[in-house]
Amino acid sequence: MSMLKRFDVADQYPLFYLNYYGRVAWRFEPLQVGIDNFRRAFEAALSFGQVDIAFYSSFHVIKNSIFSGASLRSILKEIDYYLHLLKTYKIETAR
C-alpha cells in the first residue's frame with residue numbers, strides 16, 4: 001500500500017483493492033473487512049471511470065454480504081442501488 005502512495009498511482013487503487021481483497025485477504029481477514037474494502041474499490045473505480053472494475057467489485061460486495069450473514073433486506077437495497085447505477089452508466093455487459 002505504501003508503494004501506491006509513494007509512486008502516486010491512485011488510479012490503480014481500485015484494481016489493487018479488487019485483486020488483494022478478492023484473491024488474498026479473504027483467507028486471512030474477516031469478510032466484513034473485505035466488504036468495506038470492496039465498497040471502497042467500487043467508489044474509487046467509479047471516480048476514475050473504471051466502470052468494469054466498479055461493478056465487479058459490487059459483485060464481490062453482494063457475494064460476501066450473503067456469505068457473512070447480512071440482512072437480506074440490506075442486500076436487496078444494495079442490489080437495487082447497483083442496478084440503478086447500471087442504468088445510469090448504461091453498462092450492457094454487466095446486465
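Just so it is clear, the values below take in all heavy atoms, side chains as well, and ignore hydrogens, waters and symmetry mates.
A continuous path of hydrophobic side-chain contacts links Val61 to Val33 [ILVMFWY only; heavy atoms under 4.5 Å]. Under the 4.5 Å side-chain heavy-atom criterion for Ile, Leu, Val, Met, Phe, Trp and Tyr, Ile66 and Phe42 are members of the same hydrophobic cluster. Residues Phe48 and Tyr82 do not share a hydrophobic cluster, clusters being chains of Ile/Leu/Val/Met/Phe/Trp/Tyr side chains in contact below 4.5 Å.
Residues meeting the side-chain contact (heavy atoms from CB on, under 4.5 Å) test with Tyr20, sequence neighbours left out: Phe16, Val24, Ala25, Glu29. For Tyr56, there are no side-chain hydrogen bond (donor to acceptor under 3.5 Å, both in side chains) partners, not counting sequence neighbours. Contacts of Asn64 classified as side-chain hydrogen bond (donor to acceptor under 3.5 Å, both in side chains), with partners at least two apart in sequence or in another chain: none. Partners of Ala45 by side-chain contact (heavy atoms from CB on, under 4.5 Å), not counting sequence neighbours, listed by chain and number: Pro14, Gln50, Ile53, Ala54. In terms of the side-chain contact (heavy atoms from CB on, under 4.5 Å) criterion, residue partners of Asp36 (sequence neighbours excluded) are, by chain and number, Arg39. Among residues two or more places apart in sequence or in another chain, the ring-ring contact (aromatic ring centres under 6.0 Å, His included) test is passed with Phe38 by His60.
Ile62 contributes atom CD1, which lies 11.0 Å from atom CD1 of Ile35 (distance to the nearest 0.5 angstrom). For the atom pair Phe55 CZ and Leu83 CG, the distance stands at 9.0 Å (nearest 0.5 Å). Considering CG of Leu18 and OH of Tyr13, their distance stands at 16.0 Å, rounded to 0.5 Å. Summarising the geometry, atom OG belonging to Ser57 is positioned 10.5 Å from atom CG belonging to Asp52; distances are rounded to the nearest 0.5 Å. Atom OG of Ser68 sits about 7.0 Å away from atom CD1 of Ile75, to the nearest 0.5 Å.
When side chains are defined from C-beta on, Asn37 counts as touching Arg40, because their heavy atoms get closer than 4.5 Å.
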